[in-house]
Amino acid sequence: MIADLGRRTETGAFTRTRRTRRTAALRGLVRETRLDPASFIYPLFVTHGSDVRQPISSMPGQYRLSLDQLGAEARELRSLGVRAVLLFGIPSSKDPEGTEGYSPDGIVQQAVRVLKDADPDLAVICDICLCEYTDHGHCGLLSPTGEVLNDDSLPLLAQMAVTCAEAGADMVAPSDMMDGRIGAIREALDERGLTETALMAYSAKYASAFYGPFREAADSAPQFGDRLGYQMDPPNAREALREVEADEAEQADIVMVKPALAYLDIIRQVRDRTDLPVAAYNVSGEYSMLKAAIANGWLDEERVILETLTSIRRAGADILITYHAKEAARWLASND
Ligand code: PBG
């Protein structure tokens with residue numbers, strides 16, 4: 001009998017793990033992982049125009065917002081206890097160099113000012129990448145033969161970081177995956193006296209199919225080829241640790257793993273290797289996948305979303321970047 005092979009004590013008692021599962025109060029006492037809206041970052045898509053609240057069809061419940069909508073958004077986030085946003089911009093026009101991305105009056109730089117005006121206590125983070133602003137949709141400058149140029153792209157990314165920081169951003173988050181960008185951006189910020197602007201590095205960002213809906217939202221799909229030449233290859237784990245090590249050496253303040261769900265093992269390994277805060281990006285495809293199943297009545301919305309976010313925390317993420325931030329905060333408040 002299995003029970004005789006070590007599960008019984010000398011007096012014959014079983015190991016009874018069910019004792020602490022019996023009631024909600026007991027489960028609450030022994031719970032190892034908790035969700036807290038204070039650790040959520042809510043991504044926002046900002047666009048030109050006025051009175052724009054344009055639904056993103058592949059991401060039900062998410063919108064492209066014009067600047068005049070941001071004050072209300074900031075108030076809602078505050079009431080829910082979500083204290084940080086990550087901004088993505090949709091420019092009025094695109095060109096090969098992604099000019100609007102680093103213009104002091106670009107849409108994201110304007111959005112920073114509006115949000116900081118509405119709520120100075122809100123942590124405003126800018127995604128730093130050229131793909132939303134280039135007409136070819138790649139994350140950096142291209143060579144005449146269509147290769148993404150690493151070193152030539154760095155000054156533009158640094159310029160984007162500086163203009164966002166000067167507009168009042170608390171943090172910049174480079175997502176382009178050029179080598180050396182964290183160091184280049186830190187140096188450019190420091191040279192301008194922006195020594196307090198924090199850097200959240202998309203350190204282990206994989207070339208993932210889960211970004212599909214985001215590319216519709218941000219209109220940032222590459223016009224040719226793919227991002228495999230600069231984003232990470234999904235089969236690699238040790239390489240993620242090298243990325244983290246490099247970003248740490250270049251003075252990243254927070255490191256990130258992205259996407260989250262197919263990469264929970266990477267989150268855990270990064271958590272075990274660094275003392276920096278670890279963020280995980282629960283990306284668009286992960287959001288849309290659940291929303292589609294929920295819309296079909298196949299999954300229970302609140303339970304499946306909270307379970308998913310909990311799994312990312314349990315894997316080791318301190319910070320969750322998620323489109324579910326608002327609804328999850330609402331459920332967490334009503335469950336108290
Ligand atoms: C920009 C960027 C992307 C995402 C965040 N920043 C898209 C990409 O790399 O193609 C994806 C976010 C998501 O899917 O939710 N480089």
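Order of listing sets the numbers, starting from 1, for every ligand and every atom in it.
- Under the side chain to side chain contact (heavy atoms under 4.5 Å, CB included) criterion, Leu306 pairs with Leu35, Glu302, Ala328, Trp331, Leu332, Asn335, sequence neighbours left out.
- Pairs of residues two or more places apart, or lying in two chains, never qualify as ring pair (Phe, Tyr, Trp, His ring centres under 6.0 Å) while including a residue from residues 142-193.
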Please tabulate, one line per pair, the protein N or O atoms found under 3.5 Å from any N or O atom of ligand 1, giving the distance to one decimal.
{"residue": "ligand 1", "atom": "6 (N)", "partner": "Asp127", "partner atom": "OD1", "Å": "3.4"}
{"residue": "ligand 1", "atom": "6 (N)", "partner": "Lys258", "partner atom": "NZ", "Å": "3.4"}
{"residue": "ligand 1", "atom": "9 (O)", "partner": "Lys205", "partner atom": "NZ", "Å": "2.6"}
{"residue": "ligand 1", "atom": "9 (O)", "partner": "Gln231", "partner atom": "NE2", "Å": "2.9"}
{"residue": "ligand 1", "atom": "10 (O)", "partner": "Arg215", "partner atom": "NE", "Å": "2.7"}
{"residue": "ligand 1", "atom": "10 (O)", "partner": "Arg215", "partner atom": "NH2", "Å": "2.7"}
{"residue": "ligand 1", "atom": "10 (O)", "partner": "Arg227", "partner atom": "NE", "Å": "3.0"}
{"residue": "ligand 1", "atom": "10 (O)", "partner": "Arg227", "partner atom": "NH2", "Å": "3.3"}
{"residue": "ligand 1", "atom": "14 (O)", "partner": "Ser284", "partner atom": "N", "Å": "3.3"}
{"residue": "ligand 1", "atom": "14 (O)", "partner": "Ser284", "partner atom": "OG", "Å": "2.7"}
{"residue": "ligand 1", "atom": "15 (O)", "partner": "Ser284", "partner atom": "N", "Å": "2.7"}
{"residue": "ligand 1", "atom": "15 (O)", "partner": "Tyr323", "partner atom": "OH", "Å": "2.6"}
{"residue": "ligand 1", "atom": "16 (N)", "partner": "Ser175", "partner atom": "OG", "Å": "3.3"}
{"residue": "ligand 1", "atom": "16 (N)", "partner": "Lys205", "partner atom": "NZ", "Å": "3.0"}

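- A donor-acceptor pair shorter than 3.5 Å can be found between the side chains of Asp247 and Ser203.
- Side chains of Ser103 and Asp105: no donor on one and acceptor on the other come within 3.5 Å.
- Grouped with Ile41 in one hydrophobic cluster are Phe45, Ile56, Met59, Leu86, Phe88, Ile90, Ile125, Met171, Met200, Tyr202, Phe210, Tyr211, Phe214, Ile254, Met256, Tyr281, Val283, Tyr287, Met289, Ile319, Ile321, Tyr323, the linkage being side-chain heavy-atom contacts under 4.5 Å among Ile, Leu, Val, Met, Phe, Trp and Tyr residues.
- Side-chain atoms of Gln109 and Thr163 form a donor-acceptor pair, as typed in the model, at a separation below 3.5 Å.
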